[in-house]
Amino acid sequence: MVYLWSLRWMPFALSHGLNPLFTTHYVWAPQGFNLVWVTTIPGPSFVIAPVTSVWGPLASANLILWLAPALAAWACYLLCNQLTSRPLVAFAAGAIFGFSTYVGHHMRGHVNLLLMFCVPLACYLVVRRVRGRIGPRAFVVLLALTLLAQFSISTEIFATMTVFGGIALLLGLLFAPGDSRRAVWSAFLPIGVAYVIVLVITSPYLVEVIRNRPPGSLRPLGPNSVDLLSYVLPRSPTWLGAGTFLETTRRFSGLAQDDTAYMGPAILAIIVFFAWFGRRSRWTWMLIAFILVPVVFSLGPTLHVGGRTSIPMPGAALAHLPVLSSVLPERFPLFAWLGIAVLVSLFLAEGSGRGSWWRWGIVLLGAITVAVALPSPPYRTPLSTPPFFADGTYRSYLRQGENDLLLPANVGDEMQWQEAADFWFRQSRGYIGLGHPQGQVGNPGGSIAYVDHSADAVTPAPASFLLYLREQEVASVILPAPAPASWDELLMSLGAERVVIGGVTLYRAPSGGWAQTIP
């Protein structure tokens with residue numbers, strides 16, 4: 001829902017002369033909220049704004065989900081073709097990357113994490129520069145544009161690609177022979193110039209990021225790390241074997257659909273074969289070292305094996321670094337998968353003639369074993385908007401620009417309701433991701449909670465809820481119809497005027513405003 005809201009927010013904000021990147025008063029009104037720590041995907045939202053304007057944000061989101069794997073595969077193809085000069089081999093490697101576990105598991109809707117084609121694209125440009133196949137000026141311009149594009153999609157991936165890209169360059173200096181080492185070293189200056197350009201352009205945004213950074217991690221790193229066995233045991237929604245190992249994998253930390261580490265026996269076998277056949281090449285060990293680095297950091301601050309904690313890990317250092325302390329280790333396999341794709345291209349390129357069939361066979365098997373079952377939950381989820389918001393009924397009951405409290409049954413639905421109404425009203429809350437303010441209905445100091453719509457729903461204390469409605473200048477409280485009896489009783493006791501219309505129950509503030517004390 002955050003992405004649907006964001007896709008609509010960009011064209012709305014620009015058309016109304018608002019800054020779409022910083023503080024908005026359309027959520028968590030009247031105080032507002034700064035969006036720099038929210039995954040609003042400003043770049044894609046701007047590019048795809050014509051589609052959003054004609055067909056709506058859901059069409060735009062589905063279009064992005066459709067294009068993201070192909071874009072990732074295409075960018076990886078460019079990189080691998082640059083390394084091997086074998087288009088068919090590069091195509092296979094691109095497919096491994098574009099349809100990896102990382103991509104498949106995020107297809108449930110993590111738009112900002114799926115659009116990471118700029119990562120292999122940046123690698124492609126660096127390889128071309130190291131090989132002397134692109135001039136320094138063109139390289140700086142193209143790399144700066146690539147980095148800016150990634151920054152506009154996800155500052156998280158921008159930060160992590162910078163870290164792991166730097167590690168890759170250091171590994172190149174460590175493992176490369178003399179002439180190649182000089183070529184790698186010569187790439188540092190133009191890369192630095194490209195980053196300076198990006199930092200200058202994005203400096204106003206970066207200042208806001210630093211100014212509004214959370215005091216610690218947005219989510220704890222330990223429970224959002226990869227279990228060591230995740231690399232060998234599949235989890236849902238992996239197509240093959242997820243149910244077989246369920247008794248073991250259900251003990252792993254984190255959500256199964258966020259676990260992007262699974263490589264499967266075939267991919268792991270390819271790595272072993274590649275290491276054995278190329279054991280005398282320094283490049284072999286450089287590539288394997290690059291794969292191992294994100295694997296190690298994906299394990300988080302403490303090693304987990306089968307759900308049991310073990311020894312401290314290097315990932316503990318990230319918890320003390322600004323910005324990176326909020327990056328979840330379970331997302332680092334992205335960079336391991338890029339290394340694997342390059343390894344696959346080299347593995348296939350080494351084969352020749354009839355003796356190469358088994359290499360292609362094991363790569364095909366690897367692609368099949370990591371495939372996900374897209375028709376299964378949570379990918380195909382129902383999405384419906386009450387007619388009150390969808391057909392324009394809200395215009396007859398809500399004043400434009402007023403502040404309302406939306407209490408849906410599902411987390412994030414209030415964002416969908418607001419964007420469906422084209423931001424006709426502001427809302428006193430709003431699910432905007434992990435960095436949302438802490439404030440519960442009727443208890444601003446508590447943790448955020450969504451309304452229980454069961455028959456025995458618990459409501460906040462009338463006095464504290466009334467105080468909340470007054471302080472937040474709430475004009476209407478909106479719940480799905482029928483509203484729970486306990487909420488209906490609470491709001492009616494506060495003097496609200498009830499209207500049931502278009503699939504919602506609307507409670508308007510009394511004509512003279514909310515009372516100072518409970519009536």
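One-based numbering along the sequence shown.
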- request: Can you label the angle between the Trp417 ring and the Phe389 ring as parallel, tilted or perpendicular, going by 30° and 60°?
  value: parallel
task: Could you give me the CA-CA distance, side-chain angles and deciding distance for Asn112 and Tyr3, then say whether side chain to side chain donor-acceptor pair (under 3.5 Å) is met?
output: CA-CA 9 Å; Asn112 64 315; Tyr3 302 114; 2.5 Å; yes
message: Evaluate Val293 against Phe332 for side chain to side chain contact (heavy atoms under 4.5 Å, CB included), listing each step before the verdict.
response: CA-CA 9 Å; Val293 168; Phe332 292 159; over 6 Å; no
- request: Decide yes or no for Ile167 and Pro294: does some side-chain heavy atom of the first lie under 4.5 Å from some side-chain heavy atom of the second?
  value: no
query: Does a side-chain heavy-atom distance below 4.5 Å link Arg235 with Phe252?
result: yes
task: Begin with the C-alpha distance, continue with both residues' side-chain angles, and end with the deciding distance and a verdict on side chain to side chain donor-acceptor pair (under 3.5 Å) for Ser298 and Tyr231.
output: CA-CA 11 Å; Ser298 73; Tyr231 284 98; 2.6 Å; yes
- prompt: Any donor and acceptor pair, going by atom type alone, linking the side chain of Thr101 with main-chain N or O of Tyr262 inside 3.5 Å?
  reply: yes
- prompt: Residues in salt bridge (charged side-chain N to carboxylate O under 4.0 Å, His left out) with Arg128, at least two apart?
  reply: none
statement: Value for CD (Glu156) from OG (Ser326), rounded to nearest 0.5 Å, stands at 9.0 Å
task: In sequence, state the C-alpha distance, the side-chain angles, and the governing distance for Phe423 and Trp5, and then conclude on ring-ring contact (aromatic ring centres under 6.0 Å, His included).
output: CA-CA 10 Å; Phe423 299 93; Trp5 185 92; 5.5 Å; yes
Under 3.5 Å: donor-acceptor pair, side chain of Arg8, backbone of Gly56: no
query: With no hydrogens and no angle check, is any side-chain donor or acceptor of Asn403 less than 3.5 Å from a backbone partner on Gln472?
result: yes
- prompt: Which residue, Leu407, Leu405, Leu406, forms the side chain to side chain contact (heavy atoms under 4.5 Å, CB included) with Leu479?
  reply: Leu407
task: Write down the atom of Phe388, the atom of Asp391, and the distance for their closest heavy-atom approach.
output: O-OD1, 4.0 Å
query: Do the side chains of Arg331 and Thr160 get nearer than 4.5 Å, heavy atoms only?
result: no
task: Please round to the nearest 0.5 Å and tell me the distance separating atom OG of Ser154 and atom CG of Leu115.
output: 9.5 Å
OH/Tyr397: more than 12 non-hydrogen atoms of other groups inside 6.0 Å: no
task: Check whether any side-chain heavy atom of Ile64 lies under 4.5 Å from a side-chain heavy atom of Pro44, and answer yes or no.
output: yes
field: Heavy-atom check, side chain of Val296 versus side chain of Pro314, under 4.5 Å
entry: yes
message: Would you compute the distance between atom CG of Leu506 and atom CG of Asp404 and round it to the nearest 0.5 angstrom?
response: 7.5 Å
- prompt: Counting N and O atoms only, with roles assigned by atom type, does the side chain of Gln418 sit under 3.5 Å from a partner on the main chain of Phe425, one being a donor and the other an acceptor?
  reply: yes
field: Backbone N/O of Gly430 and side chain of Trp28: donor-acceptor pair under 3.5 Å
entry: yes
- prompt: Do you know the tightest heavy-atom contact between Asp227 and Gly307?
  reply: OD2-N, 2.7 Å
query: Any sub-3.5 Å donor-acceptor pair from Gln257's side-chain atoms to Ser236's backbone N or O?
result: no
query: Does Trp9 have its ring centroid less than 6.0 Å away from the ring centroid of Tyr26?
result: yes
message: Under the criterion side chain to side chain contact (heavy atoms under 4.5 Å, CB included), I'd like the reasoning laid out for Met286 against Leu174: C-alpha separation, chi angles, the key distance, then a yes or no.
response: CA-CA 8 Å; Met286 172 196 165; Leu174 179 63; over 6 Å; no
Arg429 CZ to Phe33 CZ distance, which is reported to the nearest 0.5 Å: 14.0 Å
query: Does the side chain of Tyr195 pick up a donor-acceptor pair with the side chain of Thr162 at under 3.5 Å?
result: yes
field: Trace of the side chain to side chain contact (heavy atoms under 4.5 Å, CB included) decision for Val126 with Phe139
entry: CA-CA 8 Å; Val126 171; Phe139 171 75; 4.1 Å; yes
- prompt: For Ser225, does its backbone N or O pair with a side-chain atom of Ser253 as donor and acceptor, under 3.5 Å?
  reply: yes
statement: Result for ring pair (Phe, Tyr, Trp, His ring centres under 6.0 Å) between Phe335 and one of Phe97, Phe297, Phe164 points to Phe164
message: A side-chain contact here means heavy atoms from C-beta on lying under 4.5 Å apart; do Met116 and Tyr102 qualify?
response: yes
- prompt: Taking all non-hydrogen atoms of both residues, which atom of Leu338 and which atom of Cys76 are closest, and how far apart?
  reply: CD1-SG, 4.2 Å
Considering all heavy atoms, the nearest Ser230-Asp259 contact: OG-OD2, 2.6 Å
- line: Interatomic distance, CG@Leu67 vs CZ@Phe117, rounded to 0.5 Å, equals 9.5 Å
query: For the residue pair Tyr468 and Trp514, is the inter-centroid distance of their aromatic rings smaller than 6.0 Å?
result: no
query: Heavy atoms, side chains only, cut-off 4.5 Å: are Met415 and Gln427 in contact?
result: yes
query: Between Asp258 and Arg108, is any pair of side-chain heavy atoms under 4.5 Å apart?
result: yes
message: So which atom in Leu299 and which in Met313 form the shortest heavy-atom distance, rounded to 0.1 Å?
response: CD1-CE, 3.7 Å
- prompt: Do the side chain of Ser60 and the main chain of Thr52 share a donor and acceptor less than 3.5 angstrom apart?
  reply: yes
message: To the closest 0.5 Å, what do you measure between CG (Leu125) and CG (Leu142)?
response: 5.5 Å
query: Is the count of non-hydrogen atoms from other residues, nucleotides or ligands lying under 6.0 Å from Phe22 atom CZ greater than 12?
result: yes
- request: Go through Ile41 and Leu7 one step at a time and tell me if the side chain to side chain contact (heavy atoms under 4.5 Å, CB included) criterion holds.
  value: CA-CA 8 Å; Ile41 51 172; Leu7 289 167; 4.1 Å; yes
field: Side-chain (Trp424) to main-chain (Leu398) donor-acceptor, under 3.5 angstrom
entry: yes
query: Checking Thr260 side chain against Glu330 main chain: does a donor-acceptor pair fall under 3.5 Å?
result: yes
message: Give me the atom names and distance for the closest heavy-atom approach of Gln416 to Ser384.
response: NE2-O, 3.4 Å
field: Lys/Arg-Asp/Glu bridge criterion (N-O < 4.0 Å) met for Glu473, Arg426
entry: no
